[in-house]
Amino acid sequence: MALMRWLRRHSFCLSRRKRSLLLKLTVVALASLLFCEFLIYYLVIFWCRWPEVGTPAPGKRGPVLKAMFLADTHLLGEITGHWLDKLRREWQMERAFQTALWLLQPEVVFILGDVFDEGKWSSSKAWEEEMARFRQMFRHPGHVQLKVVAGNHDIGFHYEMSPYKVKRFEEVFSSDRLFSWKGVNFVMVNSVALEGDGCGICSEVEAELTEVSRRLNCSREQVPGSSQCAGGQQLPASAPILLQHYPLYRASDANCSGEDAAPPEQRNIPFQEKYDVLSREASQKLLWWFRPRLILSGHTHSACEVLHRGGVPEISVPSFSWRNRNNPSFIMGSFTPRDHALSKCFLPLESTVLSTYCAAAGLLVVLTFARLECLASPFLSVWPYTLCL
């Protein structure tokens, strides 16, 4: 009888210990998943703040437009994209974007090209599938505007670009070159088409940009009775912000700095005109046509700030995808017709997420071995005898 009681008690203790172990393993696994896949985005983005524009004279402050700028999301396609990589990266970008919308409440979001990784190759069916994923990831309330400029991965490099690809892109994201809101003018440039070789698409884009330039110059110079400025909707008399995928010409990233700039070993690599950056000629045209107060671009996947002729600043926005960076980020801008201020919002580090998962995995292993009495440790030597007390 004593033996039976001992066996029953021993069996009961083992059962309790197994249930306790399973519960602890489940709690650790779920906690790590909850933190790394949901909470970390809120904890990091919560600290981002909209920048304050310069203080105007009393009673003269107008409405402030809050805009987000991100670039190079590179949604993977069916040709080169592995399904697991695709699932992981798109989940990360969706959580980051949706969290930023909820916490920061921007009025307009601009994506500066290379939305898709394989748009230049996509069949009609693949394009529709990629668009469906894009709409799911970057869904937004009706009061938030979403504007997208074309990148070389969306419609192809100049030698791959075709009217069909450009039309397919613009049917979804609009062909408008000018967007004005709260007295602020944004010019959205198809920089892939600024090759300068007189191709049909290039000529059409340049004609559209020169017309936008004429309208903006008329609104800024307020020329009464001018035949060139007669008719048409009056635009805000405000220097525009240029938005494009390719940066304006610069020799390299040698003068770029910061934690999200290109790695030091890459900064001195010369840029190739019409491939890494716009040509000198195209860059000069844009500066001359629009006399912008600010330029934002993508393409390089790294951050950089450059001052062009006349002191015009250009900000290169880093990639929004963890596939391209350990530390993705986006730009937050506060704009009035005369002033602006920018700040950067960093997203969770990929290395932090991986370290958290590794720590959780290590804890799971320790718990498992401890419960199996495989760890020789003084404090564990009495553990099995106290579990059933």
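These values consider heavy atoms only, across backbone and side chains, with no hydrogens, waters or symmetry-generated copies. Position 1 is the first residue of the sequence; numbering continues from there.
Not less than 6.0 angstrom separates the ring centroid of F46 from the ring centroid of W102.
Residues V44 and L347 have side chains not in contact (no heavy-atom distance under 4.5 Å, counting atoms from C-beta outward). Side-chain contact between L286 and L278 is present, with heavy atoms from C-beta onward closer than 4.5 Å. M131 places a side-chain heavy atom less than 4.5 Å from the side chain of F173. No side-chain heavy atom of V312 sits under 4.5 Å from any side-chain heavy atom of F290. Residues F138 and L75 have side chains in contact (heavy-atom distance under 4.5 Å, counting atoms from C-beta outward). Side-chain contact between F335 and L294: present, with at least one pair of heavy atoms (C-beta onward) separated by less than 4.5 Å.
Side-chain contact annotation: D154 with H245, donor-acceptor N/O pair under 3.5 Å absent. For H153 and D72, the side-chain atoms include no donor-acceptor pair closer than 3.5 Å. Between the side chains of R89 and Q92, a donor-acceptor pair is found at a separation under 3.5 Å.
In this structure, CG on L101 lies 8.0 Å from CD on Q105, to the nearest 0.5 angstrom. Rounding to the nearest 0.5 Å gives a distance of 8.0 Å between CD of E259 and NZ of K344. Separation of atoms NZ (K165) and CD1 (I201) is listed at 9.5 Å; rounding is to 0.5 Å.
Taking a cutoff of 4.0 Å between a charged side-chain nitrogen and a carboxylate oxygen, E350 and R325 do not qualify as a salt bridge. Classification of E129 and K125 as a salt-bridged pair holds, one side-chain N sitting under 4.0 Å from a carboxylate O.
Tested against V212 for a side-chain contact (heavy atoms from CB on, under 4.5 Å), the candidates L178, N217, D176 yield a single pass: L178. Checking each of E204, E170, E211 against R177 for a salt bridge (Lys or Arg N to Asp or Glu O under 4.0 Å) leaves exactly one that passes, namely E170.
Crowding of N255 atom CG: a count of heavy atoms from other residues, nucleotides or ligands under 6.0 Å not exceeding 12. Heavy atoms from other residues, nucleotides or ligands lying under 6.0 Å from OH of Y275 number 12 at most.
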Go through the steps to decide whether H308 and Y249 satisfy the test side-chain contact (heavy atoms from CB on, under 4.5 Å), and finish with yes or no.
CA-CA 9 Å; H308 294 288; Y249 174 79; over 6 Å; no
For side-chain contact (heavy atoms from CB on, under 4.5 Å), just list the numbers for Q244 and I295, CA-CA rounded to whole Å, side-chain angles, deciding distance to a tenth of an Å, and then say yes or no.
CA-CA 8 Å; Q244 56 199 54; I295 304 166; 4.3 Å; yes
Show, in sequence, the C-alpha distance, side-chain angles and deciding distance for W127 and F116, and conclude whether the ring pair (Phe, Tyr, Trp, His ring centres under 6.0 Å) test is met.
CA-CA 9 Å; W127 175 263; F116 306 105; 5.0 Å; yes
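Hydrophobic clustering of Ile, Leu, Val, Met, Phe, Trp and Tyr side chains at less than 4.5 Å, counting indirect connections, unites L216 with L209.
Cation-pi check for R323 over F320 is not met; the charged atom does not lie both under 6.0 angstrom from the ring centroid and within 45 degrees of its normal.
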